[in-house]
Amino acid sequence: MRGMTILLCLLMAVLLCVPAMAQESGLYVKKVENLPEDFIFGMDASCVIALEDAGVKYYDFAGNEEDVFKVLADNGVNYIRVRIWNNPYDAMGNGFGGGNCDIDKAVLIGQRATQYGMKLLVNFHYSDFWADPAKQMVPRAWKGMEIEEKTDAVYHFTKDCLVKLRDAGVDVGMVQVGNETNQYMCGEKTWFNIQYLMQAGAKATREIFPEALVALHFANPEKVGSYDNYAKKMDYYQVDYDVFASSYYPYWHGSLENLTETLSRIATTYNKKVMVMETSYAYTGEDTDFNGNTISDGGAIVKSYPFTVQGQANNIWDITNAMVNDTVNGIGVVYWEGTWIATGGSTWEENHELWEKYGTGWASSFATVYDPTDAGRYYGGNAVDNQALFDQWGKPLESLKVFSLMRTGNEIEPKADALEDVTIICDLNAPLELPETVNAVMTDNSKKAIPVTWDFTQEQDEKMHTGGVNQYTITGQAGGMEARCYVSMVEYNYLRDYSFEDNSTAWQWTDLKKADELYIEDKKTDSLTGTKHMHFWSAAQNSVEFTLEQQVLNLPGGKYKFTVSIMGGDAGETDIYAYVKVNGETVQKAPMKITSYGNWDTAVTDSFTCTAEDTVAVGVYVKCQGAGNGAWGKIDDALLNSVQ
Ligand code: CA
């Protein structure tokens, strides 16, 4: 008995500790004002069963192995989303991948969601594999069906699946009829046909789960007018639905302002609920499963947030706050596949075996029979493991706490979370000045300049200045993180609009003989680089004489040379030269010649020196007698470079 009492005391102590521990988070989270109690915080967990079959384990914040659905529920997730493919298997029963998500897996997932008090959001793709804006392939069993027959098939398939879920005791809260159905669905390509399929899915849902919401799901809110068009079509055909839902990946789908404005307009015009049906963000640029990721540091994307755990949470916060406070009838946010992590193999081969056997990669080679041009060719592993809310070993990331912390707030002192890279273009003959501060992205997503120490020696400095045109990366420390400075050592050109591409007023020309043509021409084949150059032509003899000149701005004191190129023809006797003027006085001249089409003559002046106070101009003087008739020519690529 005594032992029992001690055990009970220990248990109570542990239990008492739990709420206190949950509060102690390093995650900065502002309270979302006006957040309704029943606001949907969803998690698409479609791959979980396949991952577990492949040996993946999940843990809670205390480090204990735990049912991932319990971990999600304990951290404020109240909806689980699951996709259903009609038949994601080949004739031998090999799965296509992406979790091999069929109705049986949806039932298993639904039961576990229900067990922990979460509702299920059923996502019908009406395809045997991935459906998205680019791809809406008809299931093999429905191929060749006329629209009436296919409508019937959608109705019965939806109904059968929902009956299975109902009979298994699953608490279905929402049913999504089609996935990212921008203009295609289930092989149909006209709204006239698509609306029949949507109606059929909605009808089946109303019959089996009358309390559930019916959602339609679209993508690419950034495409101006597209959502208004979809909503108008749905209204015209009187499609029965409750929720107009959108994918919103911040790196692809335009601004959050555009999303909230667009969804609010639809909510108001058609009296619908709206929500974000999919979003996710990277906590790292690293890949963890030997299959490259769709979003990584190397990608040419505009990042709204750093690739950190806090950056992930800030994305979720911004979207949630936008749905709650800036959107009419915004009811929820679903995070996409936050539980889809690496299968843990230590080599590509090991993982490949698991992807093939359990369908834990985005596609297996078996998908060839259904989708030979994409999945069948590029099949492989997980391309979103760096966007999960669990690390590669199944431990929850601190960002998972954002859902519950948005209700209470956790406004701890903001600290530096990531550093912005520095980029410097440095002239080979000018000193390299590294900045004393770098911009830190703070945990509250503000920016702050913080001191930096660079690992940089005089020896390295000299090497860079004598190493010619080259790229370097200098690292340093700031706020306990590694700072990076990318330096391009260049022959810096101190002229503006050096290749006449910019439509600038940097160049002035003085036409002394009133040539027939003297202007900047846009013709790639006649340009030395780019598509534009200075063009001249005149019909009469002795009618070409002009200067082309640029006043150099902000030129530091030093030693320089001027380079410029010319080509042309029919010039006869000429007097052509590049020149440099310091304080109005010509200090350098370099002769140039016109020969024939395409033969560029490049003049380089001898060097000259100036102080920062001097006024420096560079230019070309052109005078042509003309061979029989008038002359023509082209001038391009003017360079003012420093010299040692
Ligand atoms: Ca990967």
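Order of appearance sets the numbers: ligands from 1, and atoms from 1 within every ligand. Quick note: residue numbers are just sequence positions, from 1.
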Chemist: Cut-off 3.5 Å, side chains only: do E180 and S247 have a donor facing an acceptor?
Modeler: yes
Chemist: If you round to 10 degrees, what value do you get for the angle at the Ca ion (ligand 1) between D287 atom OD1 and D385 atom OD1?
Modeler: 100°
Chemist: Specify the closest pair of heavy atoms between A54 and T360, including all atoms of both residues, with the distance to one decimal.
Modeler: CB-CG2, 3.9 Å
Chemist: Any idea which N/O/S atom from D289 gets closest to the Ca ion (ligand 1)?
Modeler: OD1
Chemist: Report the angle formed at the Ca ion (ligand 1) by atom O of N291 and atom OD1 of N293, rounding to the nearest 10°.
Modeler: 90°
Chemist: Counting only N and O atoms by type, is there a donor-acceptor contact under 3.5 Å from the side chain of S446 to the main-chain atoms of M442?
Modeler: no
Chemist: Testing K135, R140, R377 for salt bridge (charged side-chain N to carboxylate O under 4.0 Å, His left out) with D371, which one passes?
Modeler: K135
Chemist: For the Ca ion (ligand 1), decide whether T288 has an N, O or S atom at a distance under 3.0 Å.
Modeler: no
